Protein chains: 2
Amino acid sequence: MSRLKQITEAVRDAGSLGVADLASLTGASEMTIRRDLEVLAAQGVLERFRGGARSLLLRGSEPPFALRSDDNTAAKRRIATAVAGLLADGESVVLDSGTTCLEVARLLHDRRLTVMPLSLHAVNALSSSSSLTLLVPGGRPRPGELALTGPLTLASLESLRFDTAVIGCCGLSAEQGMTAFDLEDASVKRAAIASARRVIAAVDASKLTRTALAFVAPVSSLDAVVTDADGDEGLTAAGVTVVTA
Amino acid sequence: MSRLKQITEAVRDAGSLGVADLASLTGASEMTIRRDLEVLAAQGVLERFRGGARSLLLRGSEPPFALRSDDNTAAKRRIATAVAGLLADGESVVLDSGTTCLEVARLLHDRRLTVMPLSLHAVNALSSSSSLTLLVPGGRPRPGELALTGPLTLASLESLRFDTAVIGCCGLSAEQGMTAFDLEDASVKRAAIASARRVIAAVDASKLTRTALAFVAPVSSLDAVVTDADGDEGLTAAGVTVVTA
DNA sequence: AGCTTTCAAACACTGGATTTGTTCGTTAGC
DNA sequence: GCTAACGAACAAATCCAGTGTTTGAAAGCT
């Protein structure tokens, strides 16, 4: 585990911690801890005060992208591989933001597809591909996440029709449907779903027991859910194809 | 001069060259030359064949972005600094693609502005800024250049009104007006100009004697031209403010 | 087929950039 | 005013991209 994540979690669990505590916890020097705190503060993870830092992570919000990105990569990659397998050459695909979908993007680099990613991270992962047609939606990138949102994004989605939407999310259950942390994100996901004939949700198992603030869509709008462990949670009963990677 | 550029020019001038020739020309090993040829082939600069490579650069087309980017950086930076100085805090700016405008983007990173860059390179340069409002236009990124083009880009521009447009180009003269190498690019530039109240052209002096294929706009649509050396070329007479950086 | 040339994968090396640690003068808070 | 924390500046360590070398495979020629 990276030192940054270690610090983030220690501070979150304790509420606030001193520089010296973090130094002895991680084995790094105090100067290094200060520099780490600076970058974490810039990411909005925590707030510095003289002598230490206090966490800014609410229970309802998700940790910033940079910290999630190399979390559970094995599961993400397995899910991504399964999702990539569901896409046929020549298809047009809208690809949601988030770390799991970024993993999908990486696998699509040499495929023959038309892809419109909803996050700049995925755009960057794909921009050097010569085999696929890359479409960039307009929008305002949310800091860190670099997920595109806002009216420009919605307008881009509304003007296009895709064969498949690959959507990630923060919570998914038969009763609560698909939910996301961010309201803006939720409306983008909704527009992506509306613009596609087929909808695939790429969701690691931990999300199947969770519900986030913003409602996106009922499970009935999904055609398939790709997940990493067995944890159906009533999705099959709700008429969704569940693929376990 | 970088070895890549050296190879590009040698192959262009000779039509085609052998690996051994290029190795002795550059002083690098043959393996390194092969690796270089691989990246240049990926950029579409040349085509490999057993034993060497042949050029794919036409006279009318411009060398790829990666080769132009650290060309004449001093002049570009001076021009960029002058352009940045013409922008006032709070303004909304649409920023064209190209290496000179990328230099401008770098200078805007910590300013308080609303910026919509027309190239993904500039988007990436700005996406970590917390002080400015970044807008991404939709579109298809042209390979290498990563300039956004196409109907999505035009639609994004048409739906917005900017205070200032900063435009780069391949040719500019009082008689021929502003010209670009790429037709798609030209229509994007035109839309950018139409969406802004004030138009600044950022152009190094070598462009002032050149004309490219695609007509963009007459000099009368420009409010100011920022260039690096004295070389008015009748622009002042045509009613344009010429700023020499 | 047999020979020669070219190619590229694998490994080692190198120089530059990034990260980390240390020192020390400055600053914030008591 | 005093003390602890801070951060700038420099030094050390570490990492990484680019390069060269070797070597076995592949391509082209006779």
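This structure is a prediction, so every number in the text was calculated from the model and none was measured. Throughout, protein chains are lettered first and strands after them, A, B, ... in sequence-line order, and every chain is numbered starting at 1.
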Requested in this report: Would you kindly give the CG-to-P distance between B:Leu37 and D:dG18, to the nearest whole Å?
Outcome: 16 Å
Query raised in the report: Does any pair with a residue in residues 125-138 of chain B pass salt bridge (Lys or Arg N to Asp or Glu O under 4.0 Å), and if so which ones, sequence neighbours excluded?
Result: none
**Report entry** Check ion pair A:Arg35-A:Glu30 (N to O, under 4.0 angstrom)
**Finding:** no
Query raised in the report: Can you list the residues that meet the side chain to side chain contact (heavy atoms under 4.5 Å, CB included) rule with B:Ser16, with sequence neighbours excluded?
Result: B:Phe49, B:Arg54
Query raised in the report: Could A:Lys76 and A:Asp228 be called an ion pair, given the rule that one side-chain N must be under 4.0 Å from one carboxylate O?
Result: no
Report summary line: In B/S/- notation (B base, S sugar-phosphate only, - none; protein heavy atoms under 4.0 Å), nucleotides 19-30 of chain D written 5' to 3' is BBB----BBS--
Report task. For A:Gly52, report the nucleic acid contact type (base, sugar-phosphate, nothing); a contact means any heavy atom under 4.0 Å. Result -> sugar-phosphate
Requested in this report: Starting from the first five and the last five pairs of the helix from C:dA1-D:dT30 to C:dC30-D:dG1, work out the angle between the resulting helix axes, to 10 degrees.
Outcome: 40°
Query raised in the report: Does the side chain of A:Ser131 pick up a donor-acceptor pair with the side chain of A:Asp110 at under 3.5 Å?
Result: no
**Report entry** Rounded distance in Å - CG (A:Leu4) to P (C:dT19)
**Finding:** 10 Å
Could you list the donor-acceptor pairs under 3.5 angstrom formed by side chains in residues 202-209 of chain A, with sequence neighbours left out?
residue: A:Asp204; atom: OD1; partner: A:Ser206; partner atom: N; Å: 3.1
residue: A:Asp204; atom: OD1; partner: A:Ser206; partner atom: OG; Å: 2.4
residue: A:Asp204; atom: OD2; partner: A:Lys207; partner atom: NZ; Å: 3.3
residue: A:Lys207; atom: NZ; partner: A:Cys169; partner atom: O; Å: 3.4
residue: A:Thr209; atom: OG1; partner: A:Ser206; partner atom: O; Å: 3.3

Requested in this report: Would you list the pairs meeting salt bridge (Lys or Arg N to Asp or Glu O under 4.0 Å) in which at least one residue belongs to residues 113-132 of chain A, sequence neighbours left out?
Outcome: none
**Report entry** Pairs involving residues 6-18 of chain A, ordered by first then second residue, that meet salt bridge (Lys or Arg N to Asp or Glu O under 4.0 Å) (sequence neighbours left out)
**Finding:** none
Query raised in the report: Which pairs with one or both residues in residues 1-31 of chain B pass ring pair (Phe, Tyr, Trp, His ring centres under 6.0 Å), sequence neighbours excluded?
Result: none
Report task. With sequence neighbours excluded, tell me which residues meet side chain to side chain contact (heavy atoms under 4.5 Å, CB included) with A:Leu132. Result -> A:Leu108, A:Val115, A:Leu126, A:Ser129, A:Leu134
Query raised in the report: Judged by atom type as modelled, is there a donor-acceptor pair below 3.5 Å linking the side chain of B:Asp96 to the main-chain atoms of B:Gly168?
Result: yes
**Report entry** Pairing of B:Glu62 and B:Arg68 as salt bridge, 4.0 angstrom limit
**Finding:** yes
What protein N or O atoms touch nucleotides 15-18 of chain C N or O atoms at under 3.5 angstrom, if any, and at what distances?
none

Requested in this report: Could you tell me whether the phosphate oxygens of C:dG21, OP1 or OP2, come under 4.0 Å of any side-chain nitrogen or oxygen in A:Arg34?
Outcome: no
Query raised in the report: Is there a side-chain polar atom (N or O) of A:Arg48 under 4.0 Å from OP1 or OP2 of D:dA5?
Result: no
Query raised in the report: Atom CZ of A:Phe49 to atom P of C:dC30: distance rounded to whole Å?
Result: 12 Å
Query raised in the report: What are the residues of residues 121-129 of chain B, sorted by number, that bring a heavy atom to within less than 4.0 Å of DNA chain D?
Result: none
Requested in this report: Using atom CG of B:Leu17 as one end and atom P of C:dT6 as the other, report the distance to the nearest whole Å.
Outcome: 14 Å
Requested in this report: Quick one: which residue pairs count as a side-chain hydrogen bond (donor to acceptor under 3.5 Å, both in side chains) with a foot in residues 111-121 of chain A, not counting sequence neighbours?
Outcome: A:Asp89-A:Arg111
